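Data first, discussion second: the structure below is written as structure tokens.
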Amino acid sequence: MDTTLTILGIESSCDDTGAAVVRHVPGQPPEILSNVVFGQADLHAAYGGVVPEIAARAHVEKLDLAIERALAAAGLGPRDLDGVAVTAGPGLIGGVMAGVMCAKGFAAALGLPIIGVNHLAGHALTPRLTDGLAFPYLMLLVSGGHCQFLRVTAADRFTRLGGTIDDAPGEAFDKIAKALSLPQPGGPEVERAAARGNDVITLPRPLLDRDGCDMSFSGLKTAVLRARDAALVDGTLPASTRDDICASFQAAVADILVAKSRRALDLMPEATAFAVAGGVAANGAIRAGLSDLCAERGIASTAPPLALCTDNAAMIAWAGIERLRLGQTDDMSLAARPRWPLDTDAAPMLGSGRKGAKA
Ligand code: KG4
Ligand code: ZN
């Protein structure tokens, strides 16, 4: 299909309700006409994490409004669309179902094709939306529920080169924020505290002695908790020590990601570029470490702008356009899937993405 495509994207797999319109004229860079995201942080704040039932209900309440706003901001009506792309997994099942049902209703009413998108493919294809990256490229997808290196050779061909064997880094950032009484989501809070502190606390860099590019963050998290307990003064943690812990933790995560990225690049010498995406890719220290590595290796590096690193519907609309260009669409039998590995040939990782729900 080589005509102009204008696609509505819908995202509701975790705690962000998103709707966006992306247009692609063949031969030109894609254009994000609108990108609406309603976060739910305030709804989950009291619970120290995302509560699936609350998330699903909030998606149901906000999806219509998000779509209405996305169309209005794009200056378009429903009849100007060529299709509806929706996250069909992996994610919190109630939220994914809310999005899929909404997309089905919309597509059926307007007679539009519906395209089910893997949320991870949305993240992994974002560098093509933002930077026009050509295949093949190496992708580090690093978010609240996932951490994996992917060889991306086509819009529907992803090979997993390695990944976390336990926690995802975003999950570790969130748990550490909670342990240090910082608000959720933890990543940006830990980064802010780290900027005030210094990397002076010795923390482990697990699995660096092991070949390949598998990673582990659970032992690092435990070491941080021990460092916190050892630093308590009369049962409270001095703010300066908390900031030092954050700086030291962030430095350890960056070191692990950089060291393993070096190995992943060794495994994919044909890569034309190295891209990083997912919520944790918003972290300045991690972005800087990875871009230094790419400069050292003489390979192009890209990291989407922050708003397109975290969950959003523009990446889903774009992944939908990529699928449509390959002639791939779904129908009313499209199912919402809580788990949906990108590389179906890869052996499941032991304990990988324990939460399994976030992506
Ligand atoms: O991709 P994303 O928006 O959602 C999914 O996990 O699907 O990623 C969210 C994760 C959260 O764990 C959040 O704490 C983390 O990304 N994150 C960060 C930063 N911003 C968001 N982690 C470290 N530094 C940041 N600046
Ligand atoms: Zn995500």
Side-chain angles (χ1 to χ4, degrees), residues 9 11-18 35 37-41 44-45 48-50 52 55 59 87-92 95-96 99 117-126 139-148 150 163-164 167-180 182-195 217 220-221 224 246-247 249-254 256-257 276-290 303-316 318-319 338-340 342 352-359:
E11 159 62 34
S12 58
S13 64
C14 188
D15 56 351
D16 291 300
T17 311
N35 190 15
V37 181
F38 293 133
Q40 303 177 352
H44 303 289
V50 177
H59 287 307
T87 300
L92 297 170
V96 179
V117 168
N118 183 311
H119 178 89
L120 303 173
H123 280 303
L125 295 172
T126 299
M139 175 88 213
L140 168 59
L141 184 55
V142 62
S143 72
H146 288 267
C147 182
Q148 51 188 320
L150 294 166
T164 182
D167 292 353
E171 194 176 350
F173 267 98
D174 293 340
K175 285 181 181 164
I176 277 155
K178 193 171 174 186
L180 298 177
L182 293 168
Q184 297 291 318
E189 297 293 335
V190 170
E191 182 172 16
R192 259 192 291 280
F217 297 95
L220 174 59
K221 186 188 62 196
V224 167
C246 288
F249 166 73
Q250 183 176 271
V253 174
I256 295 167
L257 292 174
V276 56
V280 180
N283 185 282
I286 293 170
R287 285 166 92 97
L290 295 173
L306 302 193
L308 295 174
C309 275
T310 48
D311 286 351
N312 66 88
M315 68 179 191
I316 303 303
W318 171 247
R339 289 192 173 257
W340 185 2
L342 260 186
S352 174
R354 248 185 233 158
K355 266 189 193 164
K358 287 186 83 184

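Everything numeric here is computed off the predicted structure, so don't read it as measured data. One-based numbering, in listed order, for ligands and for the atoms of each. One-based numbering along the sequence shown.
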Within 2.8 Å of the Zn ion (ligand 2), is there any N, O or S atom belonging to H123? yes

For ligand 1, find out whether one of its N or O atoms is nearer than 3.5 Å to an N or O atom of G170. yes

Would you kindly specify which portion of D311 sits under 4.0 Å from ligand 1, judged on non-hydrogen atoms: side chain, backbone, both or neither? both

Taking all heavy atoms of Q148 and all of L120, pick out the closest pair and write down the distance. NE2-CD1, 3.8 Å

Identify which of L141, L120, D174, T87 has a heavy atom lying nearest to atom 11 (C) of ligand 1. D174

With the Zn ion (ligand 2) as the reference point, give the N/O/S atom of D311 that is nearest. OD1

Measure C14 to ligand 1 on non-hydrogen atoms and call it side chain, backbone, both or neither using the 4.0 Å cut-off. neither

Short list, please: which atoms of ligand 1 are under 4.0 Å from a heavy atom of T310? 3 (O)

May I ask you to check whether G187 has an N/O atom sitting below 3.5 Å from an N/O atom of ligand 1? yes

Can an N or O of G278 be found at a distance shorter than 3.5 Å from an N or O of ligand 1? no

Within less than 4.0 angstrom of ligand 1, does H123 place any heavy atom? yes

Tightest non-hydrogen contact, residues L306 and R287, listed as CD2-NH1, 3.3 Å

Region of H146 that comes within reach of ligand 1 [heavy atoms, distance under 4.0 Å]: neither

